[in-house]
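Below: the structure, in structure tokens.
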Amino acid sequence: MYCTRKVTDDLIWVGADDRRLPFFEGVYGVPDGVSYNSYLLLDEKTVLFDTVDKAVYGVFLENLAHELHGRSLDYLVVHHMEPDHAATLELVLQRYPGATVICNAKIKTMIAQFFPADLTDRFQIVKEGDSFSSGRHSFTFVMAPMVHWPEVMMTYDTTAKMLFTADAFGSFGALNGRLFADEVDFFSECIDEARRYYTNIVGKYGAQVQAVLKKAAKLELDYVCPLHGFVWRSHFGDFLEKYLLWSSYVPEEKSVLIAYASVYGHTENAANILAARLCDKGVKVRMYDTSVTPASYIVSEAFRCSHLVFAATTYNAGVFVTMENLLHDIAAHNLQNRKVALIENGSWAATSGKVMTDILSGLKGIEFYEQKLSLKSALNEGQMAEIEALAQAIADELQPKPIVTAAAAPAAVKAGDVDKKAFNKLSYGVEVLTTNVDGKDYGCIINTACQVGSGDPKVVTISVIKKNHTCDMVLKAGRFNVSILTEDAPYSLFQRFGFQSGRDTDKFADVSYTERTANGIRYIPEYTNAVLSCEVVETRELETQMLFIANVVEAKVLSAAPSCTYSYYHAHIKPKKNPAPEQKECWVCKVCGYVYEGAELPDDFVCPLCKHGKDDFEHVVPNAKPKQKGYVCSICGHFEPCEGELPADYVCPLCKHGRDDFTPAEQ
Ligand code: FEO
């Protein structure tokens, strides 16, 4: 009996679940099954988007016939020729002899390779940017080579704002009656299987995925329809963020994966002790026995975690077979940019460390810890210090450096008054600082970004007011973007990011842009001329600010517009202040204009709008006598009112000293 679901009023899911398949592609265990998605559009013309695996052909053909309600099938769009989607293509074409196949030239070639029937007259060949209409709906075609085979393409329905994405954005796991990602708690229930699907199926092709994501970023998306797993009709951006991380080989989390291969438990014991020492230091750890957990799960975890530890015994003058398979699998999937620690074991001639190093050292951005723990049969008491040192080295990189509090800092030497106006002479820009924690975006205005190292990597510092919510979020995330603002930035942009708190406001609500850098963090593409993506390497707590020292991992120029300096902002963008209402004594925030009424502003007062402290408030006293310009005698203190220059022959009426002993002053 047919089993279908509506995606929209005129698009119907006609695919099927397979829960009896032991291994997807013959290698990846799928204990929760898998779905093969196919979609039927009932427009003026009928259009089927892909077919299904032969394992579920019966119900699929029944679904298709039922939903066509006696109509003929006019078009079959083929996005991908792997047989989990195309095995039943020939059957469909036999049943619906009037159907035309819409595909690209590579797909046509593959159809001829897979199916002997002569289909020569049944093709409409399309290429990038070509369009097609089925009546009410119009489509354009997007080529997506190597996501996951070279012939793959996607189709964008410009009417429904719907993208058919082939394997991209798919997942392991049967649908079990649900069709939409919002019908499950996707990011807790399903994300692990989505990650395992991505990393094992297309993880190798990060660059090609990035290329397609760039094309997709230009499309307005109300629906995303992959060939496996859930259809997305809301919150797709959260899933897209994961793809941006995975495809750029950026870890999702600062945490440690420990995978070990142990024959009699001694290597496992060392791995357990390392895990315990790491947990002592607050580091998140996941452990896997390579003889028990299939490689596809550990490959997926290696994409998720920032730091990897491999511990393995020597075996046949090499490395134990399950570890060897895992590492070759990781290498085959092109994992990059990870810090790796190794533990080897060998009762007489340990070789596993060298073999593990050799397999991984060809991967881009893989860095090994100098500490390589080498066991002879079992960990001995003397090596506990080595384990501790390795754990400390890893923990040092995963957590902010020990914070030097202001209280612990040496007392400042009193050398004289600090005139705050002197700092106005420093030239610095204005930026939007952004970060992302647990899928939420945060941002605030700063004027503290500064390049402090031009070697490799390039190093910047920023400082953020500690009371600012974005400061906490950068501490949590350990990474951030800096979008450098230009002189045409409107005041509303400063209000959005500077005058409200991310604690109770989504600062990105209603913005028209969605751009993110490879680290998955949003940046501001408008009124900016460059964006820097940074990884925090050190923090230092100051009296009111948190100083972040960070390596720049990505940087791109967005426009040629001149940067907005802090002084330009004050002179040309910030509206001129209104006089204090009713001339009451008050304090006015110099950053956002907030007025605090009263004679005394508490020292720990924080502006409720922009979170700046007392130092940024100006004390306004009504009816205060206007100050008079003049010169004060440094010998006797006499004040001489004067708007211009003191005459050259001027002599102090009190102490009779000359003009050289006078300095400008106001009273
Ligand atoms: Fe789901 Fe590449 O096939």
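Both counts, for ligands and for their atoms, begin at 1 and track the order of listing. Numbering starts at 1 and runs along the sequence shown.
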Gap separating the CD atom of Gln210 from the NZ atom of Lys214, nearest 0.5 angstrom: 6.0 Å
Residue pairs involving residues 190-221 (criterion ring-ring contact (aromatic ring centres under 6.0 Å, His included); sequence neighbours excluded): Phe172-Tyr197, Tyr197-His228, Tyr198-Tyr243, Tyr198-Trp246
Parallel, tilted or perpendicular, as decided by the 30° and 60° cut-offs, for the rings of Phe114 and Trp149: parallel
Atom 1 (Fe) of ligand 1 neighbourhood, protein N/O/S only, threshold under 2.8 Å: Asp84 OD2, His85 NE2, Asp167 OD1, His228 NE2
Side-chain donor-acceptor pair present, Asp50, His85, cut-off under 3.5 Å: no
Validation: residues 95-108 side-chain donor-acceptor distances under 3.5 Å, sequence neighbours left out:
from	atom 1	to	atom 2	distance (Å)
Asn104	OD1	Lys106	N	3.1
Asn104	OD1	Ile107	N	2.8
Asn104	ND2	Glu151	O	2.8

Partner residues of Ser234 under the side chain to side chain contact (heavy atoms under 4.5 Å, CB included) criterion, sequence neighbours left out: Asp182
